[in-house]
Structure formats: C-alpha cells, structure tokens
Amino acid sequence: MYSAKMPDGFLWGGAVAAHQLEGAWNVDGKGMSIADVMTVGSATKPREITDGVIEGKNYPNHSAIDFYHHYKEDIKLMAEMGFKAFRTSIAWTRIFPNGDDEEPNEAGLKFYDDLFATCHHYGIEPVVTLSHFEIPFNLVKKYNGFTNRKLIDFFVRFATVCFKRYKDSVKYWMTFNEIDNQSAYNEDFLIATNSGIILNNLSEKEKEAAMYQAAHYELVASALAVKVGHKINPNFEIGCMINYSPVRPLTSSSADVLLADKFEQRRDWFSDVHVFGEYPKEVETYINRNGYRSDITDEDRIVLKEGTVDYVGFSYYQTTTVSAEKVKPDELNDLAKAVAKNPTLERSDWGWEIDPEGLRIALNHLTDRYHKPLFIVENGLGAYDKVEADGSIHDDYRVDYLRKHISEMEKAVEIDGVDLMGYLPWGPIDLVSAGTGQMDKRYGFIYVDKNDAGEGDLSRSRKDSFDWYKKVIKTNGLDLN
Ligand code: BG6
C-alpha cells in the first residue's frame, strides 16, 4: 500500500456537525432548527420532516449523543488520538433561536467559548462551519428559507457575531456546508434541508427555480460573510464547502460523456461562484433560458467578486456515474434521474459506492480547476458495528476503507503536488446520520452506546480503528498498516 508523510502542519482530525451530536435541542435558550423536526428513518425508509415537533414521534437530533454535556470527555478522547483539528458547526439556533432575533443568545455563545477553549487546551484547532443543515425553523416557516432575500441579512448578522466572538479562538471557517447538496431533491422531503425551502405543492420547474434563487442568495450571503470576516480578522481562512463527487460516463459514448460534463457543470457552479466570484457560462445560460433566479442585482455581482473564498473544503464519499439512457444531456434538470449504478464498484450497506481512487481524481480535478488550497473536511464509511461480549469492536472494514482513501490522498499530495490543508474524516465519534437519522449508521473511531430506537447509556468506548488512526496521525500518514 502506497504511503507518504504529509507536510508539516497537516491538519489530521475529524468532522461533525452541531445538530448531529450536541443534543440539548431546547436547552439554554436554543431555538428549533430544521433538524429538530426530522424523524428517524432507516436504510430503506427516508426521514419524515414534520410541521413542528409532534408528540410521540422519534426526533433523534433532540438528544443525539448529548455532546453538549459530554464534550470535555469527547475532545479528550480525540486528543488521545492526536487530533490536530476538530471540525464542528455552530448551531445557528443556539445563537439566534429564531434566526431573525435582534440580539444573540449569550448562553449559546458561551457554550462555544468553552468548547473551543477545550480544543485549544489539547492543541486542537477548531474548524467551524457556520451553517450545516440546521437553519432556524422559524426562518423556514416565516420566510420560506433562502428563497427570501432577507435571509442574507440574517445569515450575515449571525456570521458577524460569531466572527467577532471567536476572533481569537477560531482561524478556519466555512460558510455553508455542502452548498451544492440541494439541486437533487428527495421527493419525500417537505423542505430542502440546506436552504430551508418548503417544497410541498411545487412543480418540478418551480422547485428548480426556487433552488437557483435560494442558492444565489446563499452565495451572496457567503461572499458578504467572507468580506466581513476578513475585516474582523485578516488572518481568518474562510473557505467554501461542497460535496464533491467526480462524475463518470457509464460508457464511452459521446452522449454519456456529454451528460457527465453537463452533470459536473451543474454541480461545480456553486464552487465556481465561491472561488471565481462569477457564474460559469453553461449555468448562467441554463438559468436564463429557463427564467430561473429572477433576482440578481449588479451589486450582487460585485459582492460575489469581492467575497471569494480562501480555500475549497469538500466532502468526498463516492463518485457518480451517469447514463444518457436515463436522461438525454439537453434534458438534464433533476440530477438524481441521470445517475446509474457503476458496475465496477462495491457498495456500503446504505448503497454508497466505494471508490478510493475517486478521491485522488477529486483532488486533482479541484486543484486544476481552482488553483486553491484544498481541505478534505469529510470522508468515511457508515457501517453497522458489532460489540463483542468483552466490549471490543473489530471494525476492520472501516480501517480498510479509510486506509485506501488516505493512501490515494497521499498519492495526490506526494505524486501529483496537490496543496492539501488536512484530512478530517466524518464522525470520529458515532453520531446521528444526516440522511437517515440513524445512530446505527456509524462512522466513529469512538463508539457511543445508543441505537436507532434511542436506547443505550451513551457511554463511549474505543473501537479498533481508534488505535489505528492514532498511529496514522503519529506517523503523519506514513504508517497506514
Ligand atoms: C454529508 C453531510 O453529506 O454526509 C453530513 O455534510 C452527513 O452532515 C454525511 O452526516 C454522511 O451522511 P449520512 O447520511 O451518512 O449521515
């Protein structure tokens, strides 16, 4: 297996999001977020989004793994693995419970003071996402999420408060988690979880139009936040965050290749705007032809140019394969409809294709396109774990997945010259799955005793992968065995 030492200062660690582990959903003044109205699903049954909290339903994010009260113990375990960085989000509703409040909630701000101080105590650098699928529910109901231009101001106010408060304790920021993860909607969802758009009763065309408008406002909000952040602390590194999945044609036919190109254009435009400060031709043309995104001003275009990001953060889980048998290139709108199964790849228990080399391809592609430092801020395998009678957990499948991906990452850095800031695999401690709401879809090096039904005593224990990852970090990536 190929391995290489990563550059000095390489940020090894892990990534989580507030709503997926903190719990304490209505404690110390926290308001209700979109994640608080999502029920538990399964590998085959999607989560339900309810109109408010309905008694008797199981909302797993309400208590999650209660990181809110266990963070000292959890960060200590991450420090034991040698973490250099810990990515989390600031729950918007802890700071602005309704999203449109005039004043922030001091108790929420204080929680993150303490969390970041704990990280620094162990020499761990916090990496913070401002909005990670946890938009205040009030902003969804009252304004229809980011379809409303007012949301720009609410987000920038939230970002400004965070930048000022954590000016000296956080250096690495990201504005919106997986901003591109909203163009392929799940029909069963009531609300687009990224931008908070209520999708009920909208036609396919109306959904797409709403998405382009909302994403535009999010991009303007992000650019304004980048500008404000750099003023508050010029040493801030503020990045974007996309879900990156290299796209492949199922066959070598021109129709499949063109479809793969078009698919990639409709996914990459979000980061194009973040990095270049302008819309790419294909998407601008597509939007105009369809009459989408009616509201874009000259001032917006200036803001986008002025608020470009410092680095490109991305999650990598799998590649995407598309087939023109499913959708003709010129008829591409709902991206999910073009996706085909790749016959060469194995899948996880949740059907996610496993493709380590895709990570090297992703790193090269993003480097060539953006000429910016990259940051892998999510990667990992969701799997069922078995606890043995003696309490041990032999998760060799997880080690195997991560080892292969890290090896490809190291090739990209060492052989291809990619400028990479760090590697933060998803869910270093078991947490609630964003997609299914399950606890049993586990990513962690640290096991948490809680199952899908919410049973368990929340105790933490080390899986076999814990010691393996500790060794990887200790040798700065050289020893992957
Ligand atoms: C990413 C999200 O899309 O994938 C995370 O940023 C999410 O929030 C992760 O948890 C893994 O997905 P899932 O559905 O397995 O939790």
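Both ligands and their constituent atoms are indexed starting at 1 by order of listing.
Ligand 1 has no atom lying under 4.0 Å from any heavy atom of Trp350. Using a 4.0 Å heavy-atom cutoff, His132 is listed among the residues neighbouring ligand 1. Heavy-atom distances between Asn177 and ligand 1 reach below 4.0 Å in at least one pair.
Annotation for ligand 1: atoms under 4.0 Å from non-hydrogen atoms of Ser433 are 13 (P), 14 (O), 15 (O), 16 (O). Contact atoms of ligand 1 toward Gly435: 13 (P), 14 (O), 16 (O) (distance under 4.0 Å to a heavy atom of the residue). Heavy-atom proximity to Ala434, at under 4.0 Å, picks out these atoms of ligand 1: 7 (C), 8 (O), 10 (O), 13 (P), 14 (O), 16 (O). Those atoms of ligand 1 with a heavy atom of Glu378 less than 4.0 angstrom away are 1 (C), 2 (C), 4 (O), 5 (C), 6 (O), 9 (C). The distance from ligand 1 to the heavy atoms of Lys441 drops below 4.0 Å at these ligand atoms: 13 (P), 14 (O), 15 (O). Near Tyr443, meaning under 4.0 Å from any of its heavy atoms, are these atoms of ligand 1: 11 (C), 12 (O), 13 (P), 15 (O).
In this structure, Arg360 fails the cation-pi test against Tyr316, since its NZ or CZ atom is not both closer than 6.0 Å to the six-membered ring centre and inside 45 degrees of the ring normal. With a 6.0 Å cutoff to the six-membered ring centre and a 45° limit on the axis angle, Arg462 does not count as a cation-pi contact of Phe445.
Remark: Asp355 engages Arg248 in a salt bridge, criterion side-chain N to carboxylate O under 4.0 Å. Of the charged side-chain nitrogens involved, none lies within less than 4.0 Å of a carboxylate oxygen, so that Arg398 and Asp400 do not count as a salt-bridged pair. One finds no salt bridge joining Asp28 and Arg94 here, because no Lys/Arg side-chain nitrogen approaches an Asp/Glu carboxylate oxygen to under 4.0 Å.
Given atom 10 (O) of ligand 1, the protein heavy atom at minimum distance is Gln20 NE2, 2.9 Å. Given atom 9 (C) of ligand 1, the protein heavy atom at minimum distance is Tyr317 OH, 3.3 Å.
If you look at Trp426 next to ligand 1, the close heavy atoms, those under 4.0 Å, all belong to the side chain.
Polar contact check, Trp352 against ligand 1: no nitrogen or oxygen pair lies under 3.5 Å apart.
Open room surrounds CD on Glu357; 12 or fewer heavy atoms of other groups in view lie less than 6.0 Å from it.
Between Ser131 and Trp92 the shortest side-chain heavy-atom distance falls below 4.5 Å.
Within the 3.5 Å criterion, the main-chain N or O of Asn243 finds no donor-acceptor partner in the side chain of Asn181.
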For Glu282 and Lys262: C-alpha separation, side-chain torsions, deciding distance, then whether salt bridge (Lys or Arg N to Asp or Glu O under 4.0 Å) applies.
CA-CA 8 Å; Glu282 199 272 351; Lys262 290 231 162 259; 3.0 Å; yes
